[in-house]
Amino acid sequence: MSSHSSKPLTLGVCSWSLQVTSIPELNRLLAELGVKATQIACGDPHHAAWDEGDAMPQAALTADFVMTGAMLGFPGEDYTTPQTIKDTGGFGPEDLRAERIERLKWALSRTKELGLTHLMLHAGFIPHSGDPGRPAFLDTLREAGRLAAEQGVTLAFETGQEPADLLRQTLDELASPTLKVNFDPANMLLYDMGDPIRAVEILGPDIVSVHLKDARRPTTPGHWGEEVPLGQGEVNIPRFLDTLKAVGYSGPLMIEREVGDQAARIRDIGLGLEVVRDHLAKTP
């Protein structure tokens, strides 16, 4: 199945959260969890490699699941601390921008091969107004948006590495119809970048995809917050879902879990699905 049959508020799971290495394994685990939808890793060998290699898109298209979008991770991104990802993430490192634009071209082609229209990635830490590095950084994002537009793909930047006001200002400045938001409420807390509920209200019109994840803020500046199972953190998942609906969001909800071994992740994702289903069943 392709992305075109995904329904409003389609509930699913990010493929990399299941630590799968093949399409049959992904197919089996999604079925065990009782979901049909996934946001699928492009296949960057440093992020989430596929046993199928270049044959992955064909295998995915003939599987029983629905894909809602693709995800790109860049080689060399280091999430050890907030500082290491600031130094290595997305289009942040100037010396890697040209190489990462080439990687983006590859990912856009793969997105098309998968029959998809949305590609998610971390843009990197966006410089503030007045930062001398901002114009060149925005030029890179403009180029990324232009390349995506050429392929008929919407590029969605994942939230968390900057406050929502800065992302809002940047999207307004870029004014590109192909640059949107993949909203992850937990990242706002993990990076300590503000209130995820308020962020939904600020970014609402541009949110095209959601990673459902929960977390607690860091207790020590410069350190990570703590990712926790859905419903056990500080996001306030019921209020978050209600706020998404209030801003008119009707796209996919993809549960993401990035802590624990495969068995623990599957257990936590299963519990998270219950939390979300219970709330959606109670609300009109």
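As the structure is a prediction and not an experimental result, all values here were calculated from the model.
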Looking at [Y], is its backbone amide N or carbonyl O close enough to the side chain of [X] to form a donor-acceptor pair, meaning the two atoms are under 3.5 Å apart?
{"X": "Thr88", "Y": "Asp78", "result": "yes"}
{"X": "Asn27", "Y": "Ala63", "result": "no"}
{"X": "Lys105", "Y": "Leu147", "result": "no"}
{"X": "Asp214", "Y": "Leu230", "result": "no"}

May I ask you to decide whether [X] forms a salt bridge with [Y], counting only side-chain N to carboxylate O separations under 4.0 Å?
{"X": "Glu201", "Y": "Arg168", "value": "no"}
{"X": "Arg28", "Y": "Glu32", "value": "yes"}
{"X": "Glu258", "Y": "Arg265", "value": "no"}
{"X": "Arg97", "Y": "Asp139", "value": "no"}
{"X": "Arg257", "Y": "Glu227", "value": "yes"}

Any chance the side chains of [X] and [Y] put a donor and an acceptor closer than 3.5 Å?
{"X": "Gln169", "Y": "Ser129", "result": "yes"}
{"X": "Glu25", "Y": "Gln262", "result": "yes"}
{"X": "Ser209", "Y": "Gln39", "result": "yes"}
{"X": "Asp51", "Y": "Ser22", "result": "no"}
{"X": "Ser176", "Y": "Arg146", "result": "no"}
{"X": "Asp87", "Y": "Gln83", "result": "yes"}

**Report entry** Spacing of CG belonging to Leu119 relative to OG1 belonging to Thr178, to within rounding of 0.5 Å
**Finding:** 11.5 Å
Query raised in the report: Which value, rounded to the nearest 0.5 Å, describes the distance between His223 atom NE2 and Leu190 atom CG?
Result: 14.0 Å
Query raised in the report: With Arg100, which residues qualify under salt bridge (charged side-chain N to carboxylate O under 4.0 Å, His left out), at least two apart?
Result: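 With neighbours one apart ignored, the set is empty.
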Query raised in the report: Which residues satisfy the salt bridge (charged side-chain N to carboxylate O under 4.0 Å, His left out) test with Glu226, sequence neighbours excluded?
Result: Arg216
Atom pairs and distances, side-chain donor-acceptor, residues 154-162, under 3.5 Å, sequence neighbours left out:
from	atom 1	to	atom 2	distance (Å)
Glu158	OE2	Asn187	ND2	3.0
Glu158	OE2	His211	ND1	3.2
Thr159	OG1	Asp184	N	2.7
Thr159	OG1	Asp184	O	3.2
Gln161	NE2	Tyr191	OH	2.9

Query raised in the report: Going by the ring pair (Phe, Tyr, Trp, His ring centres under 6.0 Å) test, which pairs reach into residues 228-275, not counting sequence neighbours?
Result: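 Checked against ring pair (Phe, Tyr, Trp, His ring centres under 6.0 Å) - neighbours excluded - the pairs reaching residues 228-275 are Phe183-Phe240.
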Query raised in the report: Does anything in residues 251-284 pair up under ring pair (Phe, Tyr, Trp, His ring centres under 6.0 Å), and if so which pairs, sequence neighbours excluded?
Result: none
Report task. Please name all residues satisfying side-chain hydrogen bond (donor to acceptor under 3.5 Å, both in side chains) with Gln232, sequence neighbours left out, ordered by chain then number. Result -> none
Report task. Decide if the gap between the ring center of Phe74 and the ring center of Phe91 is smaller than 6.0 angstrom. Result ->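 Yes, they do, as the ring centres are separated by less than 6.0 Å.
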Query raised in the report: Pro238 pairs by side-chain contact (heavy atoms from CB on, under 4.5 Å) with which of Asn236, Val235, Leu241?
Result: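 Of all the options given, the one that passes is Asn236.
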Query - Atom CG of Asp54 with >12 non-hydrogen neighbours under 6.0 angstrom - result: no
